[in-house]
Amino acid sequence: MTDSQVPENRGKLARRTVLMASGAAVTAVGVGGALSVNASAEEAAPRTHASAETCYTLTSELVEGPYYIDADKIRRDITEDQEGIPLTLELKVIDADTCKPLRNAAVDIWHCSATGVYSGYESSGNGGGGPAPTGPPPSGTPTGEPPTGGPGGGGGGHQEPTDDDRFLRGTWHTDRHGHVTFKTIFPGWYQGRAVHIHTKVHVDGTWTDAGYEGGHTCHTGQFFFDEKSVLASAEVAPYSTNTSTRTTLTEDTIYPQNGHTGGLLYLKYDKRNIAKGVRAHLTMGVAPDETHDSSDTQPSPSVSPSAS
C-alpha cells in the first residue's frame, strides 16, 4: 500500500477531521546505529504476523487527559525542533477478537517534551503545573506516597489550547499489516505522572486530500516506559535539567499495573549510551466496533499480557 491509498468509507458516522500538514509527509526512519536489547527476554521476542498470533484481551482503555488536540498534523515524524533522545515508535493495531490487522486505521499520538511541556499549552508550563524547571537533575528513586489526580496527562476535563504550536503530535494510518511507525523523542516527565505517550485509534473514517474524516474512536490509551530506561534518560540533556518530582511507574495512578496490556512498551537501546536512540514497539488489541473516545474513570486492569 502506498501513502496515497486511502480506506473505503464503511459507514456514515460522526464527523472527525484531521487537517493535512503542508508539504510532503516525512517518512519515518529508524534510529541510526546498532541497538542492543535491554535486559528482558520478552523484549527480544520476534514480532510475528497476525496469522501466527494468539488473540489476547483488549489493550486497556485509559484517560484521554486534558491536552488532546483534534485536527493534528498528518505525519510520521512529529519531532519538529524538539531536543531529546531519538525514539522510533512501532505500533501494530489488531482486532482483539480475530487478531486480524486493522488496515488504514488512523492512529494519533501526543506527548510532552523532554522538560515536560505539551505543545499547544506552553503557557501552562511543565505538565500544566507551572513553568518548566531548571537546575540540577533529580537523583535516586522518588519517595513518599504516590500522588492522586496528578496534573497534565492524567484525568480531568479537556482544556482548550493556548497557542498554535503542535510539536510532538501527529496522526498516521496503519498499513495492510496493521503497522504504523512514528519518529519522535523519548518523553520527559512532570509532577504527578510517570513518563508516557497518549494515543487514540480511529476507524471507519475516510482519508481525503484534507486528511481523515468521519469514523469513530475505538481506543483511547497511553504507552509507558520501564524505570530503567527513564533513569537512563535522566542522565542525558535536556532531561537532566528537569527537576520536577518524578513519579515512578508503580506510583502512577493512571497506569493499570498490568504490563503490556496496560501500554508498557517493549524497548531496545544501547544500555551504555541511551542517547543514541530508542526503539519501542507494541501490539494493541482493540475493539473496532466499539467507541472509546475517552474515560474519566479508569477501568479495572486486565491480567493478560498484550501481544507484541
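As the structure is a computational prediction, the values presented were derived from the model and not from experiment. Here, residue 1 is the first one in the sequence, and each next residue gets the next number. Every heavy atom of this structure was used, including side-chain atoms; hydrogens, water molecules and symmetry mates were not.
In this structure a side-chain-to-backbone donor-acceptor pair under 3.5 Å is missing from Y190 to A194. With hydrogens and angles ignored, the 3.5 Å screen pairs a side-chain donor or acceptor of D163 with a backbone N or O of E122. In terms of modelled atom types and a separation under 3.5 Å, the side chain of S240 and the main chain of A234 share no donor-acceptor contact. Judged by distance alone, with hydrogens and angles left aside, the side-chain atoms of T220 form a donor-acceptor pair with the main-chain N or O of H292 at under 3.5 Å. Formation of a donor-acceptor pair under 3.5 Å by the Y68 side chain with backbone atoms of K200 is not found in this model. The closest donor-acceptor contact from the side chain of T181 to the backbone of E90 lies at 3.5 Å or more, if one exists at all. Of the possible donor and acceptor atoms, none in the side chain of T283 sits under 3.5 Å from a partner among the backbone N and O of V93.
Taking the six-membered ring for Trp and thresholds of 30 and 60 degrees, Y118 and Y67 have ring planes inclined between 30 and 60 degrees apart. Between H179 and H177, the ring planes lie tilted relative to each other; the angle falls in the 30° to 60° range.
In terms of heavy-atom proximity, F167 sits nearest to V117 at CE1-O, 4.0 Å. What you find for S113 and Q82 is that their closest heavy atoms are CB-OE1, 3.4 Å. A pairwise comparison of heavy atoms in D252 and G192 identifies OD1-O, 4.2 Å as the closest pair. When every heavy atom of V203 is checked against every heavy atom of A105, the shortest pair comes out as CG1-CB, 4.0 Å. Contact between C218 and V286 at its shortest, heavy atoms only, is SG-CG2, 3.9 Å. Q222 and V63 get closest at one heavy-atom pair: NE2-O, 3.0 Å.
A search for side-chain hydrogen bond (donor to acceptor under 3.5 Å, both in side chains) contacts involving T199 returns nothing, not counting sequence neighbours. For A275, the side chain to side chain contact (heavy atoms under 4.5 Å, CB included) partners are V236, N273, not counting sequence neighbours. Every side-chain hydrogen bond (donor to acceptor under 3.5 Å, both in side chains) that T184 has, sequence neighbours left out, goes to H111.
Taking CZ from R76 and CG from L89, the interatomic distance works out to 13.5 Å, rounded to the nearest 0.5 Å. Note that NZ of K100 and CG of D95 are 8.5 Å apart. Values are rounded to the nearest 0.5 Å. In this structure, OG in S229 is found 15.0 Å from NZ in K268, a value given to the nearest 0.5 Å.
Ion pairing between a basic and an acidic side chain is recognised when a charged N comes within 4.0 Å of a carboxylate O; R246 and E227 show such pairing. Residues R75 and D77 are not paired through a salt bridge, judged by the lack of any N-O separation under 4.0 Å between the basic side chain and the carboxylate.
Side-chain atoms of L264 and L249, non-hydrogen and from C-beta on, do get closer than 4.5 Å to each other. A 4.5 Å side-chain heavy-atom check between D204 and H216 finds at least one atom pair inside the cut-off. Put simply, the side chain of H173 does not reach to within 4.5 Å of the side chain of V180, judged on heavy atoms. With a 4.5 Å cut-off on side-chain heavy atoms, F225 and L87 count as touching. Contact annotation: the side chain of L102 approaches that of P288 to within less than 4.5 Å [non-hydrogen atoms, C-beta and beyond]. When side chains are defined from C-beta on, Y121 does not count as touching P66, because their heavy atoms never get closer than 4.5 Å. A heavy-atom distance below 4.5 Å is found between the side chains of N258 and S60.
Side-chain polar atoms of T217 and D293 form a donor-acceptor pair below 3.5 angstrom. Side-chain contact annotation: T171 with D108, donor-acceptor N/O pair under 3.5 Å present.
Checking E290, E61, H202 one by one against H219, the side-chain hydrogen bond (donor to acceptor under 3.5 Å, both in side chains) holds for a single residue, E61. Of the candidates F223, F224, W110, I197 forms a side-chain contact (heavy atoms from CB on, under 4.5 Å) with just one, namely F223. Exactly one of K183, R166, K73 qualifies for a salt bridge (Lys or Arg N to Asp or Glu O under 4.0 Å) with E80. That residue is K73.
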For this session: Please lay out, stage by stage, how H260 and Y266 fare under the test ring-ring contact (aromatic ring centres under 6.0 Å, His included).
Result: CA-CA 8 Å; H260 303 295; Y266 293 96; 3.7 Å; yes
For this session: Report the C-alpha separation of T250 and T248 in whole Å, then their side-chain angles, then the decisive distance to 0.1 Å, and conclude whether the side chain to side chain donor-acceptor pair (under 3.5 Å) test is met.
Result: CA-CA 5 Å; T250 56; T248 66; 3.2 Å; yes
